[in-house]
Structures are given as C-alpha cells and as structure tokens.
Amino acid sequence: MHWHLLSVELTVCGWILVLLAADSFLPSRRSTSLWRLAIAGVAVCTGVLLWQRSSGQMGGFQDMLRFDAFSSYFRGLFLLATAVVIVMTRAFHRTLGANLAAFYLLLFTALLGMLILASVTDLLMLFLGLELLTFSLYIMAAYLKTDARSVEAGMKYLILGSVSSGFLVYGIALLYGASGSTNFSAVAASLGEGAAPAAHAGLLLVLAGLGFKVAAVPFHLWVPDVYEGAPTPVVALLSVGSKMAGIVAMVRVLFGALPPASQGAWTEVLAVLSAMTMCYGNLGAIPQRNIKRLLGYSSIGHAGYLLMGLSSGSRMGVEAVSYYLLAYLFSNLAVFLVVVVVSEAIGSDLLDDYRGLSRRSGWLAAAMFIGMLSLSGVPPLAGFVGKLLVLLSAAETGRLWLLAVGAVNVAISLYYYLLVVKRMYLEAPAAASPIRPDPLTKIVLAVLVLGILAVGTVQEPFLQLIASSSIP
Amino acid sequence: MPILLAILLAPAAGALILCAVDERRHALVRRIAVSAASLSLAGALLAAFTFDPALGGYQHEVSVPWIRSLGIGFHLGVDGIGAALVLLHALCAFAGVLISYAIRERVKEYYVFYLLLITGVFGVFTSLDLFFFYFFYEMAVIPMYPLIGIWGSDVKEQGVVRFSKEYATMKLTIYLTLGAVVALTGLLWLYTSAGAGTFDLPELQRRFASQPLPASLQRWIFPLLAVGFGVIAPLWPFHSWSPIGHAAAPSAVSMLHAGVLMKLGSYAIIRIAMELLPLGASEWLPWIAALCVMNILYGGLVAMAQKDLKLVIGYSSSSHMGYVLLGIACLTPLALNGAVALMFAHGLMTALAFALVGHVYDQTHTRYLPDLGGLAAQLPFIAACGVIAAMASSGLPGFANFVAELLIFLGGWDVYPVQIVCGVLGVVITAVYMLRFVRGTFFGEPKRVFAHVRDAVTPFERLPYVVLITALLVVGCWPGPLLRIIDAGSRPLIERMTLALSGPPARPAAVSAQTTATVRVEERR
C-alpha cells in the first residue's frame with residue numbers, strides 16, 4: 001500500500017480528529033478562536049501538498065485514485081478556497097452563534113470530499129467523494145437552526161441532492177452492469193468495444209448527478225433558494241468549492257471513463273446544455289433583489305461557461321476551464337467576502353441595502369466592484385482571460401453559434417453586475433453609519449483583488465502551470 | 001524607455017499613484033493627474049515629430065512575447081494613422097484633465113477612472129496585437145460607467161428629467177459592450193480560421209497578403225467587425241446611446257468621449273476589418289456608405305431640433321462621424337486621408353465645444369437653450385471660443401475641419417457622388433444648428449439672472465481652450481505635415497487593399513459585384 005500518496009487526505013482526516021478533540025476540551029467561550037486551528041490545518045495540508053508535488057509521486061491506489069499534476073492543481077485550489085471560507089466564517093461568527101467547532105469540522109469533511117474528487121479514477125470513489133462533500137453541505141446549509149430560511153435551504157438541498165445522488169448511483173450501477181468494472185479506464189475500454197444501450201443510459205445518469213453539483217440547467221432548480229437561505233460562507237463554498245469539484249469530476253469522467261469514439265455525442269450534449277445554462281443564469285439574475293440570489297443565478301451562468309470549455313472536448317478546453325476556475329475562485333470569493341462582511345454588519349442581503357456602499361466603506365465597494373467586473377469578464381481582470389480562453393476553445397471546435405451565445409452573455413452579465421455597482425456607487429447611502437472591516441478581512445480582500453489583477457494581466461505563468469498539469 | 005510605452009504607462013502609473021493618495025488633498029490629486037497627462041502629451045508630440053513619413057510602416061515598435069502558446073504578444077507601434085490619433089488623444093486628454101478642475105466631489109476617484117479611460121484609449125491606438133487591442137478597447141469602455149453615473153447630470157427639459165444619468169450611462173455601457181462582444185466573436189473567428197496561431201496584426205497582414213482568407217469567410221467576418229466596432233463609431237442605426245451619453249456625462253468626459261472614444265470605432269474598422277478582410281470590405285462598404293448618409297442627415301436634422309446644448313453637440317458628433325465613415329468607405333487614398341484628418345479635426349472641435357458648454361453649464365446651471373442668451377457680455381472669452389467652434393464645425397476655411405471634409409468630398413466624388421452631395425448638404429445643416437447654438441447662447445438680450453457668471457479669466461483656465469484652438473488653426477492653415485504622416489499610413493493600406501482585390505483602383509460601389517466576380521474567376525483558375 002502506498003499510504004504516503006494519501007498524505008494530504010490523511011492530514012485532513014487527522015485535523016478532523018483534532019477539531020473534534022478541541023470541541024470537547026476547549027471551553028465554549030474560547031470557540032471563537034477555533035478559526036486559527038482551522039487555518040493552521042489548511043496551511044499544514046498545503047505544505048504536505050507542496051511536498052508531495054515536489055517529490056513527484058503519482059501512482060495509482062489500485063487505480064482508484066490518481067494523484068497526477070491535474071489533481072495537485074485542483075487540490076491546491078480547494079485548499080485556497082477553504083482557507084478563504086474559514087476567514088469568512090470568522091467574520092460570520094456572530095450570526096453562526098454557538099457550535100462553531102462542528103461547523104469547522106464539517107468544513108473539513110467537505111474539503112476531504114473535494115480532495116478525493118480531484119483524484120478519482122473509479123466510479124465508487126466518485127460516489128464516495130461526492131457524498132462526503134454533499135452530506136457536509138446539507139448540514140452546513142441548514143446550520144442556522146432558528147432561521148426558517150436556512151432550514152428551508154437545507155431541506156431543499158437535501159431533497160434535490162438525494163434525488164441527484166440516486167441518479168448517480170443508478171448510473172454507476174448500469175455502467176458496472178455493462179462493463180463489469182467500476183474503474184474508469186476499464187469502463188472506457190469496455191465501452192469502446194461497442195457499448196450496450198444500458199451503458200449510455202448509465203453515463204447520462206452519472207452526468208446528470210454531476211450536473212446537479214455544478215448547477216447546470218436543467219439541474220439548477222435548487223440554486224436560488226439554497227443560496228438565499230444558507231449561511232453566506234456556506235454559499236461561498238457551494239458556489240466555488242462544490243462547483244469546482246463537480247467540474248473536476250466531470251473532466252475525470254468525460255476524459256477517463258469514455259472512449260474517444262463517443263466524444264462527438266457528449267460534446268454536442270454539453271454544448272447545448274452550456275448555451276441553456278448561460279442564458280438561463282444570466283437572464284434570471286437580472287430581476288433579483290437579493291444579492292445572494294443574484295450570485296446564485298450568476299453562478300449558474302458561470303457553470304454554462306465552464307460547460308462550454310468542456311464541450312470542446314479538447315486539451316485546450318480543459319486548460320481553459322482550469323484557468324476559468326482559477327479566475328472564478330478569486331473573483332467570486334472576493335465578492336462573497338464582501339457580502340459576508342456587509343451582511344454581518346447590517347443584517348441584510350437585500351440589494352437595496354447596498355446603496356451608497358462606496359460612501360460607507362470604500363474598501364468593500366472597491367473590492368466588490370473589481371470582483372464583479374472580473375466575473376463579467378472585463379479586462380484587465382482575471383475573468384476576462386478565463387472567458388476569452390473558453391470562447392476561443394469553442395471557436396477552435398468550430399461551434400460558432402456557441403461562441404456567439406457566450407459572447408452575448410458577457411454583455412448580459414455585465415448589465416446585472418452593473419446594477420449592483422450602480423447601487424454601491426451612484427446612489428445615496430441607505431444609512432450613514434460606516435462599515436469597518438477588520439484588518440484580517442482587509443488583508444484577505446487585498447490578496448484576492450491582487451490575485452484577480454495578477455491572473456488577468458500576467459497570464460503566462462498560470463497558463464504554464466495549467467499546461468503542465470492538464471489531464472489527457 | 002520606448003516612447004509609446006511611456007505614453008501608455010504615464011496615465012496608468014498616475015492612476016496607480018492616485019490610489020495611494022489621501023482623497024482630501026485635492027490639489028495634489030489634480031497635480032498628479034495633470035503631470036501624467038502632460039507626460040503623455042509630450043510623448044505623443046515627440047512620437048509624431050519623430051515619425052518618419054518617408055519610411056512608412058509601423059514605427060516606434062515595442063514587442064514583448066506575452067502568451068506564447070496562443071501567439072499573443074504585447075506589441076505596440078503606430079503607422080501614420082495611429083500617430084495622428086495618438087496625438088489627438090493626448091491633446092484632448094490634456095485639455096480634459098484641465099477642464100476636470102471643475103469637478104469638486106470625490107475628486108480622487110474621478111481622476112482614477114479618468115486616467116484609466118485615458119490609458120485604455122492610448123492602448124487601443126498603439127496596440128498591434130488583436131488580443132491587446134480588445135483588452136484596451138473594453139478597458140476604455142468600462143470607466144465610462146462610473147464617470148457618467150457619479151459625476152454626470154440628468155438631461156432636463158423645462159425642469160423635467162428627460163433622461164436620467166443612470167439610464168444614459170447604463171445604455172452607453174451595454175451598447176458598447178454588446179458591440180465589443182460582437183466584434184470579439186469576429187476576432188476569434190478570424191483567429192481560428194487564419195490558422196496562423198497568432199494575434200499579431202502585422203504577422204496576420206503578411207500571412208493574408210500571400211494566402212488571403214476565402215471570400216466566403218470574409219463576407220461573414222467583416223460585418224461582425226464592422227458592426228461591432230461600428231456601434232462606437234457610431235454607425236446609424238446603432239448611434240442612439242451616443243447623444244444622451246454625451247449629454248449626461250461631465251464635460252471633461254464628453255470631451256474625451258466624443259473627441260476620441262468614438263474614433264476608436266472607425267479606427268478599428270480601418271486597422272482590423274479593412275486591413276485583414278479586403279474582400280469582405282469591398283462587399284460591405286457600399287452598405288456602410290449608405291448608412292453614413294443617414295448618420296449625416298438624420299444626425300444633423302435631429303441636432304437642429306435639440307434644446308439642450310449638449311444634445312446639440314452630441315447629435316452633431318454622430319452626424320460628423322458619418323463623414324468619417326463615408327471617407328473610409330470610399331476606399332481611395334485621398335478620402336481615407338480626409339477621414340483620418342477629420343477624426344483629428346472633429347476630435348479637437350468637439351472637445352472644444354463640450355468644454356465651453358461645460359463652462360456655461362457650470363456657471364448658469366442650465367443647458368436649456370430657451371433659458372440662455374446674451375452671455376457674450378459676461379463670458380467674452382467663452383463666447384469667442386463658441387464662435388470658433390461653430391466656424392470650425394461648419395467647415396470654414398482656416399480650420400482643420402475644412403481641409404478634412406474637402407479631402408473626403410474630393411476623394412469620394414468618383415466613387416459615391418450621391419452620398420457626397422448629401423454630405424455637402426450636411427455641411428449646410430451643420431451651419432444652421434451651430435449658428436443657432438451660438439446665437440441662442442451668447443447673443444441676444446443679456447439676461448439679468450446671469451449677471452454674476454464668471455468667464456474663464458486666468459491663463460490656467462484658458463489653457464485647455466487655447467491648446468485646442470491652436471491645434472485646430474495650425475492644422476487648418478498648415479495641413480501638410482499632419483497629412484504627410486497620415487498619408488504614410490493610409491496610402492499603403494489602400495494599395496494593399498487594391499492589390500488584394502486584384503484589379504486596378506476601381507470604383508467599389510459600382511463594381512463591387514464585378515470585383516467579387518473577378519475574384520471568383522481567379523479562384524476557379
């Protein structure tokens with residue numbers, strides 16, 4: 001057994017035990033400093049990941065997990081996202097109330113699920129990772145037990161999530177029945193010899209299960225309500241971590257478990273889904289009055305762009321998606337961090353309460369402005385390069401209609417992001433009291449904004465990193 | 001440091017430094033902005049004077065590989081057309097930064113966005129890489145949103161709001177972005193169908209010279225680029241964002257916007273669409289020439305009916321840009337020279353007009369024509385500038401506009417006689433609304449409510465006006481040097497296009513079908 005290959009995942013498991021112990025032994029009034037322990041955990045895991053990466057160990061775990069450069073890249077992104085979510089949770093302590101330890105613990109189980117998903121090459125591990133992630137999120141979404149909206153969010157997520165897990169399991173069963181194996185390459189080999197109709201149905205069901213994770217149309221219905229009700233740090237994790245995990249798993253399945261011959265069929269399906277998802281998300285965001293609902297719809301729109309990259313079915317498309325996710329991570333986390341701070345300060349997520357934010361806190365408004373412009377794809381920010389690469393990959397495959405739909409959606413998304421900017425910068429403040437983020441939040445915001453600028457202007461190093469860690 | 005890089009980086013650096021300055025220190029903020037704009041102006045003058053028309057081609061080049069895997073490079077350089085437009089932008093930006101002294105609220109934020117806007121426009125005029133061209137293009141559009149939304153003013157008529165500034169700025173931003181993404185679709189299609197794996201413009205030019213894109217592709221890519229960039233030009237019927245955007249913007253922003261930003265569209269059509277897609281151009285330019293007439297006549301007639309001073313100038317801009325597009329559509333060296341010279345002249349003239357309207361508005365708090373009158377007594381200097389702007393705009397000899405319009409009319413006569421006649425008619429319309437503007441604002445019975453208004457008295461206040469008028473007169477009386485520079489860019493361009501159309505210099509309007517037929521015959525061979 002090559003246990004050392006699992007060192008990052010094992011460290012996370014260890015830290016879950018540490019958090020459990022801290023929960024039992026730490027006096028409850030000290031629980032507000034648990035975030036330090038959590039951040040330390042992420043830092044240790046990052047160190048282990050870097051060590052593992054530099055030692056260049058790949059190998060298979062009886063080929064159930066593959067720790068290649070692709071997995072390292074995304075595990076790095078997952079750790080980064082988790083670290084920022086911890087900072088958000090810290091800024092959200094007042095609303096979360098007691099039982100912080102359990103929250104951090106669930107955050108780490110979710111992280112474990114995402115880490116596993118980055119390396120899956122087996123249908124069973126896929127199911128395991130996905131369920132680990134989703135179960136943690138079910139509980140976290142309903143974490144504000146006294147808040148009816150949060151409970152509703154958790155309930156909706158649980159019901160729809162369970163249905164989609166059902167699809168996934170059923171699909172896995174069909175695939176196993178058709179190919180006699182749960183291993184990706186074995187499945188691909190057996191499908192390549194001429195597949196039973198059952199296998200196609202199975203694949204479709206697996207994709208449906210993953211489509212639920214990335215919030216692609218027509219599996220998106222849960223998004224607005226869950227985003228509105230769940231605690232904001234959880235929403236950030238849902239929109240960045242969970243979506244990223246879903247996309248990574250899709251890449252693994254599409255490029256690992258499918259024979260190259262079938263590519264024509266699934267890329268066409270993804271292209272159509274991508275166009276539907278983009279249009280639905282971006283048009284749906286326009287009439288929203290709640291910032292979290294708006295970001296929910298916008299995250300559907302982004303899922304569309306990600307699917308567009310995948311639908312090109314090429315190495316270039318996967319690289320574009322990897323870049324897009326990097327840009328999306330920085331931009332979306334910056335936006336959500338602002339939302340967390342504002343909602344903790346004024347107790348509201350309504351867009352109208354963002355009026356005059358630039359007068360109440362120049363910092364927060366500027367970070368939100370830059371984050372949203374980046375999300376809509378304005379140069380010189382990160383999102384622009386991500387969108388350009390994705391659009392380029394669609395153009396390279398010759399899908400000009402998809403390129404046109406994607407390009408027009410850039411303008412549509414700019415409209416509703418500017419509606420937020422309009423409230424923040426153009427309108428008179430909703431209240432006079434200034435909002436003062438604490439120093440750590442400011443620093444993290446500054447780092448995220450610098451990240452947005454760096455990913456948007458100095459593309460070469462990131463592209464090289466991605467090229468060296470691309471799959472197929 | 002290479003001169004173009006310095007021109008580009010000065011305003012960017014200014015914006016960056018401003019972020020670190022205390023926002024209450026208005027004097028320091030303004031000084032930094034003025035220094036940045038002056039540096040760019042000095043650089044642009046130097047670049048124009050050291051540009052060698054005899055040498056031709058792209059000069060002052062800077063090239064740094066940026067994204068190797070996609071063939072993207074940070075490639076700066078100007079040909080004659082670019083050099084003239086960089087100079088125009090530097091002049092307008094310098095005058096605009098000085099005019100911005102009238103801004104008294106949120107000064108620091110204002111200058112950050114203003115300098116970013118200036119950077120973006122310099123970037124477009126100097127980029128020789130399609131990626132960076134689009135990058136700077138979109139970067140120039142977005143700062144307009146806060147600039148108009150925060151510091152602009154509603155367009156009122158008899159005290160009733162006709163367009164709110166929020167509406168105007170959102171319309172402008174969405175229109176321009178929609179145009180940009182349509183152009184982006186065209187650019188990416190062009191990139192992938194070229195198959196050269198490079199975004200570099202000169203590289204693509206060389207490639208297309210030996211193996212041009214098939215006519216069937218050019219036919220579809222050209223309209224994407226022409227309409228996408230045409231939105232900002234502003235090509236009728238996509239112009240409706242422009243007059244209200246100008247009217248709602250603070251005067252310094254209108255100056256840059258009407259003076260320079262609108263030229264980005266026609267510049268992009270020349271630089272990318274015509275240069276790379278000559279066959280598509282020959283097929284579609286007659287249509288554009290037809291739309292230009294609508295620009296000229298419709299814009300002019302609507303300007304005649306406006307009661308808001310800025311709307312008069314705004315519609316007149318969209319009318320005058322019709323001449324520019326008409327000059328481009330003619331496909332003769334003379335007319336193209338005229339079009340670029342008109343971009344230069346109109347930019348200066350319209351910047352002057354918006355600056356003085358801004359001064360009037362600042363002093364009287366109204367732009368409503370029936371409320372104004374007799375201001376020449378209190379504002380002798382501004383009134384003189386107004387008369388000059390009106391004369392320049394109507395194309396009186398002695399001003400740059402005259403030279404430019406004459407070149408377009410002469411160069412286009414053989415190609416589009418009907419359109420040219422309409423254009424000449426447009427000059428008369430211009431004279432009508434500009435004289436109406438001058439009469440209604442400055443002449444007539446002095447009104448008692450305006451007894452307190454203040455003229456631009458200090459040399460510092462007068463400087464932007466003096467700079468713009470001097471440039472207009474110098475080019476108007478002594479157009480040789482500027483035209484030589486422009487000609488160094490436009491004549492080879494037209495020659496390359498005629499070569500690509502594989503025939504003698506012909507009349508594209510009458511023979512466009514014939515030309516394509518020739519091309520098809522060539523292909524069959």
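So that the names make sense, note that chain A is the first sequence line, chain B the second, and so on, each numbered from 1. All values below were derived from every heavy atom in this structure, side-chain atoms included, with hydrogens, water molecules and symmetry-related copies excluded.
Summarising the geometry, atom CG belonging to A/Leu403 is positioned 5.0 Å from atom OG1 belonging to B/Thr185; distances are rounded to the nearest 0.5 Å. Interatomic distance, OH of B/Tyr145 versus CZ of A/Phe369, reported as 9.0 Å (0.5 Å rounding). If you take OH on B/Tyr191 and CD on A/Glu396, they are separated by 6.0 Å, rounding to the nearest 0.5 Å. To the nearest 0.5 angstrom, B/Trp189 atom CH2 is 15.0 Å from A/Leu392 atom CG. Between atom CG of residue A/Leu419 and atom CD of residue B/Glu166 there is a gap of 11.5 Å, rounded to the nearest 0.5 Å. Taken from CG in A/Leu418 to OG1 in B/Thr177, the straight-line distance is 7.5 Å, to the nearest 0.5 Å.
For B/Ile150, the parts sitting under 4.5 Å from any heavy atom of chain A are the backbone and the side chain alike. If you measure heavy-atom distances from B/Leu70 to chain A, the contacts under 4.5 Å come from the side chain alone. Proximity to chain A (any heavy atom under 4.5 Å) is shown, for B/Met139, by both the backbone and the side chain. When heavy atoms are compared at a cutoff of 4.5 Å, A/Leu381 does not approach chain B at all. Both the backbone and the side chain of B/Leu178 come within contact range of chain A, each with at least one heavy atom under 4.5 Å from a heavy atom of that chain. No part of B/Phe136 comes within reach of chain A, as not one of its non-hydrogen atoms sits under 4.5 angstrom from that chain. Heavy-atom distances place the side chain of A/Leu463, and not its backbone, under 4.5 Å from chain B.
The environment of B/Lys171 atom NZ is dense: over 12 non-hydrogen atoms of other residues, nucleotides or ligands sit within 6.0 angstrom. Annotation: B/Tyr167, atom OH; neighbour count of heavy atoms from other residues, nucleotides and ligands within 6.0 Å does not exceed 12. In the displayed structure, A/Phe462 atom CZ is contacted under 6.0 Å by more than 12 heavy atoms of other residues, nucleotides or ligands. Heavy-atom neighbours of B/Trp220 CH2 from other residues, nucleotides or ligands within 6.0 Å: at or below the threshold of 12. Around atom NZ of A/Lys422, no more than 12 heavy atoms belonging to other residues, nucleotides or ligands sit under 6.0 Å away.
Between A/Phe384 and B/Tyr134, the ring-plane angle classifies as parallel under the 30° and 60° cut-offs.
Considering only heavy atoms from C-beta on, A/Val385 stays 4.5 Å or farther from B/Phe135 through its side chain. Proximity of B/Leu184 to A/Leu388: side-chain heavy atoms (C-beta onward) are separated by under 4.5 Å at one or more points. Residues A/Leu414 and B/Ile142 have side chains in contact (heavy-atom distance under 4.5 Å, counting atoms from C-beta outward). Within the 4.5 Å cutoff, no side-chain heavy atoms of B/Ser69 are placed close to those of A/Glu319.
Using a cutoff of 4.0 Å between basic side-chain nitrogens and carboxylate oxygens, A/Arg359 and B/Glu109 are scored as salt-bridged.
Listed for the B/Trp66 side chain is a donor-acceptor partner under 3.5 Å among the backbone atoms of A/Thr457. Of the possible donor and acceptor atoms, one in the side chain of A/Glu460 sits under 3.5 Å from a partner among the backbone N and O of B/Arg68.
The choice from B/Arg106, B/Lys165, B/Glu138 that makes the most heavy-atom pairs within less than 4.5 Å of chain A is B/Arg106.
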